[in-house]
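Both ligands and their constituent atoms are indexed starting at 1 by order of listing. The figures that follow rest on heavy atoms only: side chains count, while hydrogens, waters and symmetry mates do not. Keep in mind that what you see is a predicted model, and the values were worked out from it rather than measured.
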Amino acid sequence: MGARLAGIGTSLPEKVLTNDDLAQMMDTSDEWIRERTGIRERRIGLPTSSLGIESGRAAIDMAGLDPTDIDLLILSTTTPDQRVPGTAAVIHAELGLDCGAFDLNAACAGFTYGWVVAHSMLDAPGGPRRVLLVGADALSPITDWEDRGTAILFSDGGGAVVLEHTDDDTLLGWDLGADGNHRRLLMGDHDSKITMEGREVFKVAVRAVTGSVLTALDRAGMGPGDVDVLLPHQANIRIIEAICKRTGIPFERSYNTIEHTGNNSSGTIPLAMAKAHAEGALQPGAIVVMTGFGAGMSWATTVSRW
Ligand code: COA
């Protein structure tokens with residue numbers, strides 16, 4: 001399956017919430033949060049639609065396209081603005097798109113799931129030539145700001161890419177996984193806040209992602225040493241370190257934004273991708289591995305040749 005990145009954009013709310021701010025609200029400290037998670041501050045204050053509109057517009061502009069050139073919008077989110085309709089409809093209208101649009105919910109694995117879905121659509125006979133794939137989440141409205149086990153982690157943010165069909169093979173290997181038996185470890189019911197068993201989520205995530213990365217690399221006929229750029233979901237820097245150690249991918253190859261953005265679910269991987277892009281790491285031919293995990297539990301890994 002083949003697609004090339006024609007444009008990328010990001011969106012973060014202006015409001016910064018530091019660890020010291022949180023320490024005023026609950027029994028925690030900057031030192032504890034930094035040591036256990038790698039987070040110093042996070043951004044909060046925009047709904048999913050605004051994050052998707054801003055990042056989507058930037059990605060289309062960078063691609064030098066008109067919104068009507070987009071053939072399909074996929075919004076990966078677990079925090080739609082409303083129950084009905086899907087938030088893709090809001091982004092679709094505000095950007096002036098003229099194509100199909102739908103929401104995809106695989107929680108924090110959503111952008112990576114969306115990457116595979118977008119490639120499949122671009123590869124389908126008669127399918128779209130250009131897909132706008134947005135990953136955006138506003139977790140702050142469903143975060144319990146009195147729960148130090150979750151409030152220190154979650155945030156709002158998003159990113160978007162324009163993917164264009166190419167005849168080259170660029171998606172070399174992938175793995176999509178889920179285990180619904182773990183669905184209660186991380187959940188939020190209608191009209192209630194997120195609850196999480198942090199220690200269990202940590203363990204399941206490290207195990208699942210390690211297996212998923214090695215499976216996807218194997219399917220691509222590659223090993224950890226072939227990876228030039230790792231774009232991991234930004235949930236906890238200790239999880240990323242553990243994944244690198246267990247898979248054998250050097251930590252230095254990972255691009256991380258968690259220190260300043262926290263965990264904004266579907267938004268974290270496109271934000272990390274934008275960082276890698278800005279630093280010149282996404283060179284033609286580079287082997288780029290994306291890996292996400294989250295509520296469900298669900299997880300996904302892709303191996304792409306840039
Ligand atoms: N500030 C200070 N102390 C805290 C604290 C906080 N914010 N949160 C928990 N503690 C305390 C606990 O009460 C416990 O104290 P005790 O030993 O006296 O009982 C101690 O710190 C250790 O708690 P524990 O829950 O074992 O900490 P941890 O090292 O597992 O870190 C998380 C907690 C939430 C940071 C960590 O489990 C984590 O990141 N899990 C994965 C979550 C995740 O990735 N979620 C998103 C998936 S997409």
- line: Scanning both residues in full, the closest heavy-atom pair of Arg42 with Ile152 reads NH2-O, 2.7 Å
task: Taking atom 17 (O) of ligand 1 as the reference point, report whether a protein heavy atom occurs under 4.0 Å from it.
output: no
query: Looking just at side-chain N and O atoms, do Asp156 and Ser140 make a donor-acceptor pair shorter than 3.5 Å?
result: yes
- request: Say whether Ala205 and ligand 1 are in contact under the criterion: heavy-atom distance to a ligand atom below 4.0 Å.
  value: no
statement: Ranked by distance from atom 23 (O) of ligand 1, the top protein heavy atom is Arg199 NH2, 4.0 Å
field: Residue, atom name and distance, where the atom is the protein heavy atom closest to atom 43 (C) of ligand 1
entry: Val201 CG1, 3.8 Å
- line: heavy-atom search around atom 29 (O) of ligand 1 in the protein gives Arg36 NH1, 2.6 Å
- prompt: Do NZ/NE/NH1/NH2 and the carboxylate oxygens of Asp175 and Arg219 come within less than 4.0 Å?
  reply: yes
- request: Go through ligand 1 atom by atom and flag the ones less than 4.0 Å from a non-hydrogen atom of Asn263.
  value: 46 (C), 48 (S)
query: Which residues satisfy the salt bridge (Lys or Arg N to Asp or Glu O under 4.0 Å) test with Arg83, sequence neighbours excluded?
result: Asp191
query: How about Glu54 and Ser11: does a side-chain donor come under 3.5 Å of a side-chain acceptor?
result: yes
message: Quick check on atom 4 (C) of ligand 1 - does any protein heavy atom sit closer than 4.0 Å to it?
response: yes
Nearest-neighbour protein heavy atom for atom 34 (C) of ligand 1, which is reported as residue plus atom name and distance: Gly149 O, 3.7 Å
task: Could you tell me which atoms of ligand 1, counted from 1 in the order shown, lie closer than 4.0 angstrom to a heavy atom of His233?
output: 48 (S)
task: Ignoring hydrogens, just give me the one of Phe202, Trp32, Phe154 whose non-hydrogen atom is nearest atom 33 (C) of ligand 1.
output: Trp32
- request: Determine, considering heavy atoms only, which of Asn236, Asn19, Ile239, Asp30 sits nearest to atom 36 (C) of ligand 1.
  value: Asn236
Any protein heavy atom nearer than 4.0 Å to atom 14 (C) of ligand 1: no
message: Quick check on Met26 - does any of its heavy atoms sit under 4.0 Å from an atom of ligand 1?
response: no
Nearest non-hydrogen protein atom, atom 44 (O) of ligand 1: Ala235 CB, 3.4 Å
- request: Name the closest protein heavy atom to atom 12 (C) of ligand 1, giving the residue it belongs to and the distance to 0.1 Å.
  value: Arg148 NH2, 3.9 Å
Salt bridge flag under 4.0 Å for residues Asp27 and Arg148: yes
- line: Any heavy atom of Thr28 under 4.0 Å from ligand 1? The part involved is both
field: Distance-only polar pair, side chains of Thr18 and Asp20, donor-acceptor under 3.5 Å
entry: no
message: Salt bridge or not between Asp61 and Arg57? Use side-chain N to carboxylate O under 4.0 Å.
response: no
Atoms of ligand 1 close to Gly294 [distance to a heavy atom under 4.0 angstrom, numbered from 1]: 48 (S)
query: For ligand 1, which atoms sit closer than 4.0 Å to a heavy atom of Ile152?
result: 7 (N)
- prompt: Using a distance-only test with no angle check, is there a side-chain donor-acceptor pair under 3.5 angstrom linking Thr150 and Asp147?
  reply: yes
message: Please work out, at 4.0 Å between heavy atoms, whether the side chain, the backbone, both, or neither of Leu186 comes within that distance of ligand 1.
response: side chain
query: With atoms numbered from 1 as shown, which atoms in ligand 1 lie under 4.0 angstrom from a non-hydrogen atom of Thr37?
result: 35 (C)
Show every donor-acceptor pair shorter than 3.5 Å between a side-chain atom in residues 108-116 and any protein atom, with sequence neighbours excluded, or say none if there are none.
unit_1 : atom_1 : unit_2 : atom_2 : d
Tyr113 : OH     : Gly177 : O      : 3.1
Trp115 : NE1    : Ser304 : OG     : 3.2

statement: Result for side-chain hydrogen bond (donor to acceptor under 3.5 Å, both in side chains) between Asp137 and one of Thr77, Asn264, Thr268 points to Thr77
- prompt: Just wondering, do Asp144 and Thr195 contact through their side chains at under 4.5 Å, heavy atoms?
  reply: no
- prompt: Any protein heavy atom sitting closer than 4.0 Å to atom 39 (O) of ligand 1?
  reply: yes
query: By number and element, which atoms of ligand 1 are closer than 4.0 Å to a non-hydrogen atom of Cys108?
result: 48 (S)
- prompt: Does the pair Glu241/Arg238 count as a salt bridge with the N-to-O cut at 4.0 Å?
  reply: no
- prompt: For residues Thr170 and Asp168, is any side-chain donor paired with an opposing acceptor at under 3.5 Å?
  reply: no
- line: Looking at Arg238, Met297, Met196, the heavy atom closest to atom 45 (N) of ligand 1 belongs to Met196
message: Starting from atom 41 (C) of ligand 1, what is the nearest protein heavy atom, named by residue and atom, and what distance separates them?
response: Gly198 O, 3.4 Å
